[in-house]
Number of protein chains: 2
Amino acid sequence: MARTAYHHGDLHQQAHDQALAVLRLEGDSAISLRGIAKQIGVSAPALYRHYADRESLLAELAISGFAALRQQLLSVEQHAPRAALIGIGLAYVAFAQSEPNLYRLMFGGRVLPKGAHPRLDQAGLGAFNVLQDTIARGQRAGYLKPAPLSLMTATAWSLVHGLSQLTIDGHLPNADAEPQLAEGITSLLLEGAIAHTDAHTDNNEDTP
Amino acid sequence: MARTAYHHGDLHQQAHDQALAVLRLEGDSAISLRGIAKQIGVSAPALYRHYADRESLLAELAISGFAALRQQLLSVEQHAPRAALIGIGLAYVAFAQSEPNLYRLMFGGRVLPKGAHPRLDQAGLGAFNVLQDTIARGQRAGYLKPAPLSLMTATAWSLVHGLSQLTIDGHLPNADAEPQLAEGITSLLLEGAIAHTDAHTDNNEDTP
DNA sequence: GTGCCAATGTTAACGCCGTTAACTTATCAC
DNA sequence: GTGATAAGTTAACGGCGTTAACATTGGCAC
């Protein structure tokens, strides 16, 4: 069976793209199968040949979102431990801010109760692992204290996820100095996470 | 106009309670005005005498959620700075875990785009201020370093909010040791936030 | 080439939803 | 009592997800 052009063409991909466009502009609640079908120029039940239901389409959007997040995190320079850790935090928050509606879908928790969609869980782990690997590298380099890896990863992820969510929803009152905020927050956490080897125990900022 | 019993009774409050019950059991997307009206024993348009639309009902649920969160945070013992800070973090996460669907509604971001509902924003600030006051107290006591208050508050809030969201959605892989996790995370951040006065630079736990 | 099968599309319909319009009823002020 | 008004009613519109039943088309066996 050809995947290039059949009755209509690659309806699967077109529906995915159209749904992503609606998501970006109006959020996931504005995604309707009937609306997508109409804008593609196809009948609504045709979508059910490619997606089991509306939730499956949203899950696929979230999966591609996690893949994109993973790629953005993988592109962070990994030479200097401190720069890598701060860089990955900034990259994470930057992704959420560049795709707020997609990020809300990925972590909204309303769709797909976490164990229902194996591919979605795996995609989330793929992004999570990049963060964990960076922290493990910082530990092996002796930059981070040898606390349990799971604890440090959970802490770092909680921080960047919380900051992402709060900023894209406008909850932080003084979000004006936002880039400095992300860096300042990451640095503040790092000061509690670095190994105190009599080298950098105090305010050791490397920002101009 | 009496507020005790009219045609039906206190429909406003009953609708609120019924919606909250549905929210707790099935999440906000399961809240339908028709369903609530039917279970109360009233006609669906009757609800429009008390709520402008479905979003207003959800906003009111979120407002009462923020009030409940504020009360829970206010009940934290405020004597010792470190105990107060860890206690408020644990209380915050405990609230999210005890009311996951309500917490998702409060911070979901899909409903009420942040500036649309003034009472909702004010309720959020009410909870936020308790956290900020605790941090300010810790600074005045000399326990926390004199970094900008907005930065420290944003960091703390990001951390507890992120941890709450990740745990209630089951994203943290090893959430088995969850109470220890919340405390360990809070302590880890604190080690970067406390003032290093040659008094408690290392692992200075005050828990049994 | 022909014929069949499975994949992919169509229209019609069901039941639910939010919301509005038009109307009815009960309570309070006087 | 008698309006005015708040609080309820039924009827209806349009949109939604989803399913059933039917139609079409591409590709493969022969």
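What you see below is based on every heavy atom in this structure, not just the backbone, and it leaves out hydrogens, waters and symmetry mates. Every chain is numbered from 1 and lettered A, B, ... according to where its sequence line falls, protein lines coming before strand lines.
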Query - side-chain hydrogen bond (donor to acceptor under 3.5 Å, both in side chains) evaluation trace for B:H16 with B:E60 - result: CA-CA 8 Å; B:H16 181 107; B:E60 194 168 284; 3.2 Å; yes
Report summary line: Closest of C:dT19, D:dT10, D:dG8 to the B:A46 side chain is D:dG8
Query raised in the report: Using the ring of each side chain (for Trp, its six-membered ring), is A:H161 parallel, tilted or perpendicular to A:F107, with breaks at 30° and 60°?
Result: tilted
Query - Value in whole Å for how far the C1' atom of D:dT18 lies from CG of A:L57 - result: 15 Å
Requested in this report: Could you check how far NE2 of A:H12 sits from P of C:dA7, rounded to whole Å?
Outcome: 16 Å
**Report entry** Value in whole Å for how far the C1' atom of C:dT19 lies from CZ of B:R54
**Finding:** 13 Å
Dump every N/O contact between nucleotides 21-23 of chain C and the protein below 3.5 Å, one line per pair.
none

Query raised in the report: Is there a side-chain contact between B:D133 and B:Q78, using heavy atoms and a 4.5 Å cut-off?
Result: no
**Report entry** Min side-chain heavy-atom separation B:I36-B:L57 under 4.5 Å
**Finding:** yes
Report summary line: A:S158 meets the side-chain contact (heavy atoms from CB on, under 4.5 Å) criterion, sequence neighbours left out, with B:L159, B:L163, B:L166, B:I185
**Report entry** Euclidean distance, atom OH of residue B:Y51 to atom C1' of D:dA7 [Å, nearest integer]
**Finding:** 15 Å
Report task. Whole angstrom is fine here: how far is it from CD in B:Q14 over to P in D:dA7? Result -> 15 Å
Report summary line: Whichever of A:A52 and B:A44 has the more 5' nearest nucleotide on DNA chain D, that residue is B:A44
Requested in this report: Let me know the distance between CG of B:L47 and P of C:dG18, rounded to the nearest Å.
Outcome: 9 Å
Report task. For residues A:E183 and A:S187, determine if any side-chain heavy atom of one lies less than 4.5 Å from a side-chain heavy atom of the other. Result -> yes
Query raised in the report: For atom CD of A:E55, is the number of surrounding heavy atoms from other residues, nucleotides or ligands below 6.0 Å larger than 12?
Result: yes
Report task. Measure the distance from CG on B:L11 to C1' on D:dT9 and round it to the nearest whole Å. Result -> 13 Å
Report summary line: Here the distance between atom C1' of D:dA7 and atom OH of B:Y48, to the nearest Å, is 16 Å
Query raised in the report: Heavy-atom distance under 4.5 Å between the side chains of B:Q165 and B:Y103, does that happen here?
Result: yes
Requested in this report: Give, ordered by number, those residues of residues 20-39 of chain B having at least one heavy-atom distance below 4.0 Å to an atom of DNA chain C; if nothing qualifies, reply none.
Outcome: B:I31, B:S32, B:L33, B:R34
Query raised in the report: Under 4.0 Å between a side-chain N or O of A:H50 and OP1 or OP2 of C:dG9?
Result: yes
Query raised in the report: Quick one: does B:I168's side chain get under 4.5 Å of B:Q97's, heavy atoms only?
Result: yes
